[in-house]
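Because only heavy atoms are used, hydrogens play no part in the values below, and waters and symmetry mates are left out as well, while side chains stay in. Here is how names work: the chains are called A, B, and so on, in the same order as the sequence lines, proteins then strands, and each is numbered from 1. Because the structure is a prediction, the values reported are computed rather than measured.
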Protein chains: 4
Amino acid sequence: MNERSLIIVVIMHSKRNLILRAAEKIISTGGIQGLSMQQVANEAGVAAGTIYRYFKDKNELILELRKDVLSQVAAAILQDHQIGTLEERFKRIWMKMHEYGKQASPTNLSYEQYAHLPESNTEEIRALEMKLFEPLHRLFEEGLEQGVIQPLHPRALYAIAMEPSMAMARAIRRGLIQYDQKDITLACDLCWRAILIPTTPTN
Amino acid sequence: MNERSLIIVVIMHSKRNLILRAAEKIISTGGIQGLSMQQVANEAGVAAGTIYRYFKDKNELILELRKDVLSQVAAAILQDHQIGTLEERFKRIWMKMHEYGKQASPTNLSYEQYAHLPESNTEEIRALEMKLFEPLHRLFEEGLEQGVIQPLHPRALYAIAMEPSMAMARAIRRGLIQYDQKDITLACDLCWRAILIPTTPTN
Amino acid sequence: MNERSLIIVVIMHSKRNLILRAAEKIISTGGIQGLSMQQVANEAGVAAGTIYRYFKDKNELILELRKDVLSQVAAAILQDHQIGTLEERFKRIWMKMHEYGKQASPTNLSYEQYAHLPESNTEEIRALEMKLFEPLHRLFEEGLEQGVIQPLHPRALYAIAMEPSMAMARAIRRGLIQYDQKDITLACDLCWRAILIPTTPTN
Amino acid sequence: MNERSLIIVVIMHSKRNLILRAAEKIISTGGIQGLSMQQVANEAGVAAGTIYRYFKDKNELILELRKDVLSQVAAAILQDHQIGTLEERFKRIWMKMHEYGKQASPTNLSYEQYAHLPESNTEEIRALEMKLFEPLHRLFEEGLEQGVIQPLHPRALYAIAMEPSMAMARAIRRGLIQYDQKDITLACDLCWRAILIPTTPTN
DNA sequence: GATGAATGAGACTTCATTCAT
DNA sequence: GATGAATGAAGTCTCATTCAT
């Protein structure tokens, strides 16, 4: 790739990205229903027609945004995921997920909008989700192989130990709970121990 | 209230309810975006204009439906909530929530659509939620007073111990986990013990 | 049908017809390309959305207009078609077609727009055309059975004897030929004799 | 003109022609309504902006194409038009017109799209048409001068004797008549005799 | 109270045309 | 000369809402 074509790709990506970020922002504020192509155009500072150079139609824009947001979330949550013991790895992910979920950033807010959509275009999204969060599944599977984690399906383990992280973050973000670091640490620990097989104390 | 006006109220309520049920069904299928007043009218078997005799506008219809659905969910989950020990009460609620969340009923499916909406009309909804789920909060508070439950905000306890119930139900409904009664019982038990303060074994 | 429902049907037809006539007028002026739904609405004196109560979309509007116009043309041309000898019947149709084609009426002008469209929705139109112009085909077939007309496919006979009627009308309408009744009579007679099998004069 | 500028002109003409042929092809397939500048550019293998170096705007492109197509049609139909007797000349033109009209070539198909357009830009087109088909008019005029052809305006003669050629070709192309060479020859002969002044047989 | 035809604002999308490169 | 990204006006169509019956 020569310099010229590199510049073209960068510009193209920057405009495509501009549009995605605009859509993300609007969704984070007004929900998916509140997303109009004209608004996206205004927010992105481009003409309405320009969006259609980068996305076939509104559906594709939303789908691509979902994929983009999912990737961002996964990257933030799974940063440094492979360092340390099982427990350290679990707690790092739990805490990062919590930190991330607490933010009122466009990315996080728009992320929540997608979570419970009626099942549409889900095949592609689900496959991407699987791929992106694979390290997390592997974490549970390692625990299962080592016999230290309760014998449940990784998704069930996720539901029990990880969902609370997001749920608490949401509650904090919405001002329903006062934020206190000590409580978070405790909650994280409780979640970890919830799926551990207890070791009988030797006396 | 005389007999005649009673009948009128009943009929009125039945038509109002017809419309709510129609809206619920449509939302459960196509999401909130897929809700058009004409569709609601068709599904309810009334004229489009009739809806406006019972609801000021579409927003109010959706708001009223949210409240209606929330009440139904609460009633289903909190049935017999006051019977038994703390543990029995917790587990009964957990299981009922799980059973409810597993269904693909219009009420449950439409319920999920509301959960993560952008914050709008939320004050009224939040107050209702508080009121309806008060027994659940009381359960946690009793446990806290008795010193058997981890010292966390009731909402945090809810996040840790109850959210997994819904999360698993969702995963099962979507076919991501195979359903196995033994696993559910285990998960329920893990959730309960997660928030318990462990009793030091006496020897 | 009671009086009330009759009125409803009449009103409905009148509005539907209003829209068709508006579309016809616009097409006669600016061609099919020049037809915008907003224009039709303006011309018909209704709101744009109203058109969609009577026609699914623009395609259907155009298709229905084609059918409507075709019916009008056929009715005008085949008026009294069954009276008299073969020759009289032929010449009456020829002359009526000519008279009709000479007009600059919206119906006639829009009719011409459809004649040479790229083949689309043609199945339904073709069937209707067959049905409406059946008397004309029968005329040729009778002539063939009686052995007085040249042994050609009715469509070929139509092309030879009838198309000139429309073609001349067009030329007159466009001001390319001066209109002279004697010439028309001659042309009509030439067309009729063109497809006749000449009778050998006995001496 | 030196060699270099000659090359430039040739190249320029070739690109201009490329664009015309692309437009012709698209119109033949999807009608004039289906013609978008982007499509023309794609089909011609040039950038959209390039079209505007050769044609002021879309209208001019269409106008130029009409003129171009008209010239092609005239050239095809009037090939060798001056050879032979009146009858031979007439029949040669009739048959060539028929052969040409039967084809589903882009040129012929797009030609039909123009024939019945609402009257716009017609002055220029009409003048060109006059000039191109002058030999055909002359043929009729010669016949009139010689007193062998019916005393009608050349356009009327054209309508009576030539339009059937195109009309039959169209019917054959569209599959409405089975093609049979003998019938064509008969039709051609009938058309010729239709405008002839019959010679009283001497006995 | 109920109806549903009508409205018209606003949504999505296309496409002729321009212009910086 | 050529490119094609960008523009934005204009088109089609939907739908919440009103109102005469």
Worksheet item: Where do Ala44(A) and Leu18(A) come nearest, in terms of heavy atoms and distance?
Response: O-CD2, 3.5 Å
Worksheet item: Out of dG1(F), dA6(E), dA6(F), which nucleotide sits closest to the side chain of Lys15(C)?
Response: dA6(E)
Discussion item. Is there a side-chain contact between Thr50(C) and the phosphate of dT7(E), meaning an N or O under 4.0 Å from OP1 or OP2?
Written reply: yes
Worksheet item: What integer distance in Å separates Leu18(A):CG from dT7(F):C1'?
Response: 16 Å
Worksheet item: In what stems does DNA chain F take part, counting only runs of at least 3 consecutive Watson-Crick or G-U pairs whose two distances fall under 3.5 Å?
Response: E:2-21 with F:2-21
Worksheet item: Could Arg126(D) and Glu129(D) be called an ion pair, given the rule that one side-chain N must be under 4.0 Å from one carboxylate O?
Response: no
Fill in: Position toward the 5' end of DNA chain F (nearest nucleotide), Tyr52(C) or Met37(B)
Tyr52(C)
Response to the item:
Residue pair Gly49(C)/Ala48(B) against DNA chain E: nearer the 5' end by closest nucleotide is Ala48(B)
Worksheet item: When all nucleic acid strands are considered with a 4.0 Å heavy-atom cut-off, which category describes Leu35(D): base, sugar-phosphate, or nothing?
Response: sugar-phosphate
Worksheet entry | Atom-to-atom span, CZ of Phe55(D) to C1' of dA16(E) - whole angstrom | 15 Å
Worksheet item: Do Leu20(B) and Phe55(B) have side-chain heavy atoms sitting under 4.5 Å apart?
Response: yes
Discussion item. Just the rounded figure in Å: distance from P of dT14(F) to CD of Gln33(B).
Written reply: 17 Å
Worksheet item: Looking at Lys58(A) and Glu64(A), does any basic side-chain N land under 4.0 Å from a carboxylate oxygen?
Response: no
Response to the item:
Picking from dA6(F), dT13(E), dG4(E), the nucleotide nearest the side-chain atoms of Ala47(B) would be dG4(E)
Worksheet item: Taking atom C1' of dG4(F) as reference, at what distance in whole Å does atom OH of Tyr54(A) sit?
Response: 10 Å
Discussion item. What I want to find out is whether Arg16(D) reaches Asp68(D) closely enough, with some N-O distance under 4.0 Å, to be called a salt bridge.
Written reply: no
Practice prompt. Give the nucleotide from the list dT17(F), dT7(F), dG1(E) with an atom nearest to the side chain of Arg53(B).
Written response: dG1(E)
Item to complete: Quickly work out the Gln39(C) CD to dT12(F) P distance and round it to whole Å.
Response: 9 Å
Discussion item. Which nucleotide wins on minimum distance to the side chain of Ser36(A), given the candidates dA16(E), dC12(E), dA2(E)?
Written reply: dC12(E)
Fill in: Exercise: do Gln38(D) and Asn42(D) side chains pair donor with acceptor under 3.5 Å
yes
Response to the item:
Between NZ of Lys58(C) and C1' of dT14(F) the distance, given in whole Å, is 17 Å
Worksheet item: Between dT17(E) and Lys56(D), is there an OP1 or OP2 to side-chain N/O distance shorter than 4.0 Å?
Response: no
Item to complete: Could you state the atom-to-atom distance from CD1 of Ile32(A) to C1' of dC12(E) in whole Å?
Response: 17 Å
Item to complete: Could you tell me the separation between the CD atom of Glu60(A) and the C1' atom of dT13(E), rounded to a whole number of Å?
Response: 14 Å
Practice prompt. State plainly whether the residues Glu124(C) and Lys67(C) are in salt-bridge range, i.e. N to O under 4.0 Å.
Written response: yes
Worksheet entry | Residue mapping more 5' on DNA chain F - nearest nucleotide basis, Gly45(A) or Gln38(C) | Gly45(A)
Worksheet item: Considering only dA16(E), dT17(F), dC13(F), which nucleotide approaches the side chain of Asp57(B) most closely?
Response: dT17(F)
Worksheet item: In Å and rounded to the nearest 0.5 Å, what is the CZ to OG1 distance from Arg21(C) to Thr107(C)?
Response: 5.5 Å
